[in-house]
K.L.:
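One structure is given below, represented as structure tokens, and several questions about it will come after.
Heavy atoms only: backbone and side chains are in, while hydrogens, waters and symmetry mates are out. From a predicted model like this one, the values you see are computed outputs, not experimental measurements. Numbered from 1 within each chain, the chains take letters A, B, ... in sequence-line order.
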Protein chains: 2
Amino acid sequence: MKIGDLAAKTGVAPRLLRYYEEVGILHPYRSGNGYRAYGEPAVERVLQIRELLESGFTTDMIREILPCLDDPRPAECVVKVDLDALRRQLGNVERRIDVLQRNRDAIKTYLQIWEETSGVTSDS
Amino acid sequence: MKIGDLAAKTGVAPRLLRYYEEVGILHPYRSGNGYRAYGEPAVERVLQIRELLESGFTTDMIREILPCLDDPRPAECVVKVDLDALRRQLGNVERRIDVLQRNRDAIKTYLQIWEETSGVTSDS
DNA sequence: CTTGACCTTCACATTAATGGCAAGGTTTAC
DNA sequence: GTAAACCTTGCCATTAATGTGAAGGTCAAG
């Protein structure tokens, strides 16, 4: 699959797919002509990357979070996984979940109060 | 409380506190000499802002999320709260929680597998 | 074999959040 | 009253993620 196809399937601009490769979180093959060649799992992976970026993670953190989950990386990479970094990121993720849950509850409460006093139901 | 005091209490640089005012998510008073004057609740608010920024929210989103929770804003602002925006942001927060929970679980599982195979316990 | 659509790399622009500095006013302490 | 420490505004720099365009190679269709 060429970069344009992957862009179409994921909704992520080719420019960004090249960027993700540059920062080391996407690892396409190359076909003879020099074109990047992506496997089917790249679709899932790109979506994963987008989710994490939109959740405020940097590409550096993502590089630690997506260690051996590389599409075409077989067992060799297993050696290079930084377990401590991964544990750190796990802590990060958990802290963020706490923050978001607190804020979710706060917003919900706030909305409920408002919807009661103004007599507006939540379905628009 | 002057900007330096707030910076000391929150660990957030004065430069940023001014920035947060500029983008409309912090609203200090002004004392006669032109100095910004913050109330005690500003401490909590700044920490809240930091949490949300670190969770990947933009100042634009935060402006919608922290509506009437303004430190010194009494009931007048009640009129200006954008409930629809708030509901959108609630959806945002909930989506992010889902993403993070999925990733937390994935990382946890991954770590468990690794800690089993390598015989390493999780306490360092 | 030429045209158009794709790909390559390279480079510069932009936006948001942040850091830093400079020139000048204020307050505190000696 | 003078110096140090703080405040003000204004501007310019940086970083990460992203947009965009140029100059050129590849490929499929006519």
K.L.:
Between dA16(D) and Thr59(A), is there an OP1 or OP2 to side-chain N/O distance shorter than 4.0 Å?
P.N.:
no

K.L.:
Has Arg36(B) got a side-chain N or O lying under 4.0 Å from the OP1 or OP2 atom of dC6(D)?
P.N.:
no

K.L.:
For a quick check under 3.5 Å, do Tyr20(B) and Arg50(B) share a side-chain donor-acceptor pair by atom type?
P.N.:
yes

K.L.:
Indicate whether OP1 or OP2 belonging to dA17(C) is found under 4.0 Å from a side-chain N or O atom of Tyr19(B).
P.N.:
yes

K.L.:
Could you work out which one of dA11(C), dT9(C), dG19(C) sits closest to the side chain of Ala13(B)?
P.N.:
dG19(C)

K.L.:
Just do the salt bridge (charged side-chain N to carboxylate O under 4.0 Å, His left out) check on Arg36(A) and Glu21(A) with the steps written out, would you?
P.N.:
CA-CA 10 Å; Arg36(A) 290 169 180 81; Glu21(A) 178 182 7; 2.5 Å; yes

K.L.:
Begin from the C-alpha positions of Glu51(A) and Arg95(B) and carry the test salt bridge (charged side-chain N to carboxylate O under 4.0 Å, His left out) through to its verdict.
P.N.:
CA-CA 10 Å; Glu51(A) 278 186 345; Arg95(B) 238 170 298 124; over 6 Å; no

K.L.:
Whole-Å distance between dC6(D) C1' and Ile3(B) CD1?
P.N.:
11 Å

K.L.:
For the pair made of CD in Glu54(B) and P in dA16(D), what is the distance, rounded to whole Å?
P.N.:
16 Å

K.L.:
Kindly point out which of dT18(D), dA17(C), dA16(D) is positioned nearest to the side chain of Thr58(A)?
P.N.:
dA16(D)

K.L.:
Please give, in whole Å, the distance from dT15(D) C1' to Asp60(A) CG?
P.N.:
11 Å

K.L.:
To the nearest 0.5 Å, tell me how far Leu53(B) CG sits from Thr58(B) OG1.
P.N.:
8.0 Å

K.L.:
Taking the nucleotide of DNA chain C with the closest heavy atom to each, which residue, Leu16(B) or Gly32(B), is nearer the 5' end?
P.N.:
Leu16(B)

K.L.:
Which nucleotides of nucleotides 23-30 of chain D have their base under 4.0 Å from a protein heavy atom (B), which only their sugar-phosphate (S), and which neither (-), written as one string 5' to 3'?
P.N.:
--BBS---

K.L.:
Round to the nearest Å and state the distance from Ile25(B) atom CD1 to dT18(C) atom C1'.
P.N.:
13 Å

K.L.:
Could you tell me whether Asp5(A) and Lys2(A) have a side-chain N and a carboxylate O separated by less than 4.0 Å?
P.N.:
no

K.L.:
Does a side-chain N or O of Arg15(B) approach OP1 or OP2 of dG20(C) to a distance below 4.0 Å, or not?
P.N.:
no

K.L.:
Once you round to the nearest 0.5 Å, how far does CD of Gln89(B) lie from CG of Asn103(A)?
P.N.:
11.0 Å

K.L.:
Between dG19(D), dT18(D), dA17(C), spot the one nearest the side chain of Arg50(A), thanks.
P.N.:
dT18(D)

K.L.:
For Asp5(B) and dA5(D), give me the distance from atom CG to atom C1', rounded to whole Å.
P.N.:
12 Å

K.L.:
Please give, in whole Å, the distance from dA17(D) P to Leu17(A) CG?
P.N.:
15 Å

K.L.:
Tell me the interatomic distance from Glu21(A), atom CD, to dA17(D), atom P, rounded to whole angstroms.
P.N.:
16 Å

K.L.:
May I have the step-by-step check of side chain to side chain contact (heavy atoms under 4.5 Å, CB included) for Leu83(A) and Arg87(A), ending in yes or no?
P.N.:
CA-CA 6 Å; Leu83(A) 284 186; Arg87(A) 276 190 270 263; 3.8 Å; yes

K.L.:
Please state how far atom CZ in Arg18(B) lies from atom C1' in dG19(C), giving the value in whole angstrom units.
P.N.:
12 Å

